[in-house]
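First up is the structure itself, then whatever we jot down about it.
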Amino acid sequence: MEASFARSILVDAPMAVVAIDAAGTIRSANTTADAFFGRAMVGDPPLHIASLIPELDVAALQAPGGLADLNATSRSGGSGVHLTALRHDGRCAFVDVQAAQFSANGEDFLTLFIQDVTGVVAAETAAQDLRQQITYNWRLNSLGELASMVAHELNQPLSAILNFLDAATTLISRPEIDRAKITQYVESAAGQAERASDVIRRLRTLMSRDTGFHSQANIAEIVDEILPILRINAREVDAILTVRIPPDGCALCDRVQVQQVVLNLVRNALDAPPDGQRRRVLISGDQTDQHYRVTVEDNGPGVPEAVAGGLFDPLISTKAGGMGMGLSICRTIVEAHGGKIEHVTSSLGGAGFAFTLNNRSANV
């Protein structure tokens, strides 16, 4: 679960406020607390805070530094630790808790500020699931692209091997040579080569992409679904991510595959070599009568001229240790959508990439 994502979501619900004494007994509470826990907080017999939030250690709060430690682990403190609250109807909820100490009539109390973050945790889980799905699909696409490339590169040599071995079988058929044994070896080699060629052909068929899952989709919604993941990646490198996509633009596409393209382009922008300035990435979109165009730009050092002409070729990479499959896969996905991807001038001064998606079903 991504704590940084949890902190990025603001919960607008009212906050429950509870005052407890040194023993942990609830002495007063607001109506929001009564509504949240589903019961009156003050009554007879008195309630102990441990019956509502078992993970909250009252003794630890009263120790030196206890309040500071709790508040440091709250959402506003930065680490996004959630506690479990038990409601009167038996349901559990996730909460963030902060505390403050006060005294009244010679007695010490703690005020607990309890924020319901159950929706945040659900959103975190959904974002994590989406991230894993995209990563999984991206790996499958990478394997498919690699398999397709290997099949294309090896099919012709393997066919040539079959021809050469056939010719060799004829040339070595001489009386002074053990023709049966040599022919057996050659035929075995030919059989293995033919088998390898057949495996590669089947692999290419298996990895061929199907465009049957294309449907009309809102591009702003597609990007919004992965925006938490993109912001997590941006925060990891202290980058500024900006999205400028009109809310009403649509295209015919496979949602997950388009998300894969956007995610890869943004990661490439974030992974660009540092050039002394804070990284900025802009995702924008605009629609014409025939196409929807998505552009990803950054303010990095740009693309070296030496590789600019072959950016979308397999095994071409500008990153140390990169496989050079990312942009090639992006091109394959975009072209399967009837669109085009290209390297464009960035308005931020670095590198820019734009791809188009068709609007009409006849083009898919």
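Residue numbers count from 1 along this sequence. Only heavy atoms go into these numbers, but all of them, side chains included; no hydrogens, no water, no symmetry mates.
Both V243 and I226 are part of a single hydrophobic cluster, where members link through side-chain heavy atoms under 4.5 Å apart. Connection of V58 to L86 is not established within any shared hydrophobic cluster, with ILVMFWY side chains joined at heavy-atom distances below 4.5 Å, either directly or through further cluster members. When hydrophobic clusters are built by joining Ile, Leu, Val, Met, Phe, Trp and Tyr residues whose side-chain heavy atoms come closer than 4.5 Å, directly or via intermediates, V296 is grouped together with V237. There is a path of hydrophobic side-chain contacts, each under 4.5 Å, that joins L67 to V95. By the rule that hydrophobic residues join a cluster once side-chain heavy atoms approach within less than 4.5 Å of another member, I20 and F109 end up as members of separate clusters.
Salt bridge absent: R279 and D298 never bring a charged side-chain N and a carboxylate O closer than 4.0 Å. A salt bridge is defined here as a Lys NZ or Arg NE, NH1 or NH2 lying under 4.0 Å from an Asp or Glu carboxylate O, and R331 with E342 fails to meet this definition. A salt bridge between R280 and E297 is absent, with no side-chain N of the basic residue lying under 4.0 Å from a carboxylate O of the acidic one. Salt bridge annotation for R91-D89: present, with a cationic side-chain nitrogen under 4.0 angstrom from a carboxylate oxygen.
H291 and N358 form a side-chain donor-acceptor contact under 3.5 Å, judged by distance and modelled atom types alone. Checked by atom type, the side-chain pair H82/D96 shows a donor-acceptor distance below 3.5 Å.
I283 has its side chain out of reach of L265: every pair of non-hydrogen atoms, C-beta onward, lies at least 4.5 Å apart. Within the 4.5 Å cutoff, no side-chain heavy atoms of V17 are placed close to those of T32. L110 is not listed as a side-chain neighbour of F102, based on a closest heavy-atom distance of 4.5 Å or more. For the pair I240 and V281, the minimum side-chain heavy-atom distance is 4.5 Å or more. Looking at heavy atoms from C-beta onward, V97 lies in side-chain contact with L70 at the 4.5 angstrom threshold. Considering only heavy atoms from C-beta on, F355 comes within 4.5 Å of V261 through its side chain.
Looking at every heavy atom in both residues, L83 comes nearest to E55 through CA-OE1, 3.2 Å. Summarising the geometry of D21 relative to Q62, their closest heavy-atom pair is O-NE2, 4.3 Å, with the distance given to 0.1 Å. Across all their heavy atoms, A217 and R255 have their closest contact at CB-NH1, 3.6 Å. The shortest heavy-atom contact between S346 and G352 is CB-N, 3.9 Å. Minimum interatomic distance between M41 and A33 (heavy atoms only, all atoms of both residues): CG-CB, 4.0 Å. Nearest heavy atom pair, residue A220 against residue P246, reads CB-O, 3.6 Å.
With rounding to the nearest 0.5 angstrom, the CD1 atom of I245 is 9.0 Å from the CD1 atom of I222. Rounding to the nearest 0.5 Å places SG of C330 at 11.0 Å from CD of Q257. Here CD1 of I232 is found 10.0 Å from CG of L227. Values are rounded to the nearest 0.5 Å. A distance of 10.0 Å separates CG of N299 from OG of S347, quoted to the nearest 0.5 Å. Within the model, atoms CD of Q259 and SG of C253 stand 9.0 Å from one another, a figure rounded to the nearest 0.5 Å. Atoms CG and CD1, from L56 and I49 in turn, are 6.0 Å apart once rounded to the nearest 0.5 Å.
Within 6.0 Å of the CZ atom in F94, the count of heavy atoms belonging to other residues, nucleotides or ligands does not exceed 12. Within a 6.0 Å radius of CZ in R244, other residues, nucleotides and ligands contribute 12 heavy atoms or fewer.
For the ring pair (Phe, Tyr, Trp, His ring centres under 6.0 Å) condition, no pair includes a residue of residues 247-284, sequence neighbours left out.
Of the possible polar contacts, none joining the N218 side chain to the C250 backbone as a donor-acceptor pair under 3.5 Å is found. T295 places no side-chain N or O within donor-acceptor distance of the main-chain N or O of A354, the cut-off being under 3.5 Å. Under a 3.5 Å cut-off, the side chain of N105 and the backbone N or O of E107 do not form any donor-acceptor pair. For the pair Q98 (side chain) and L112 (backbone), a donor-acceptor distance under 3.5 Å is absent. Between the side chain of R87 and the main chain of F36, a donor-acceptor pair closer than 3.5 Å is present. Between the N30 side chain and the M15 main chain, a donor and an acceptor come within less than 3.5 Å of each other.
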Applying side chain to side chain contact (heavy atoms under 4.5 Å, CB included), run through I53 and I114 and close with a yes or a no. CA-CA 10 Å; I53 309 178; I114 304 169; 3.9 Å; yes
Tell me, with the steps shown, if L263 and N233 meet side chain to side chain contact (heavy atoms under 4.5 Å, CB included). CA-CA 10 Å; L263 186 60; N233 293 332; 3.9 Å; yes
Test ring pair (Phe, Tyr, Trp, His ring centres under 6.0 Å) on H88 and F37 and set out the steps. CA-CA 6 Å; H88 186 61; F37 286 102; over 10 Å; no
Evaluate the side chain to side chain contact (heavy atoms under 4.5 Å, CB included) criterion for residues L282 and T242: first the C-alpha distance (whole Å), next the side-chain angles of each, then the deciding distance (0.1 Å), finally the verdict. CA-CA 5 Å; L282 170 63; T242 305; 3.9 Å; yes
Go through L47 and R39 one step at a time and tell me if the side chain to side chain contact (heavy atoms under 4.5 Å, CB included) criterion holds. CA-CA 10 Å; L47 286 176; R39 62 186 301 177; 3.5 Å; yes
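Results of the side chain to side chain contact (heavy atoms under 4.5 Å, CB included) test with I219 over D286, L357, V262 single out L357 as the only residue that passes.
Relative orientation of the H343 and F353 rings is tilted, given thresholds of 30° and 60° on the angle between their planes.
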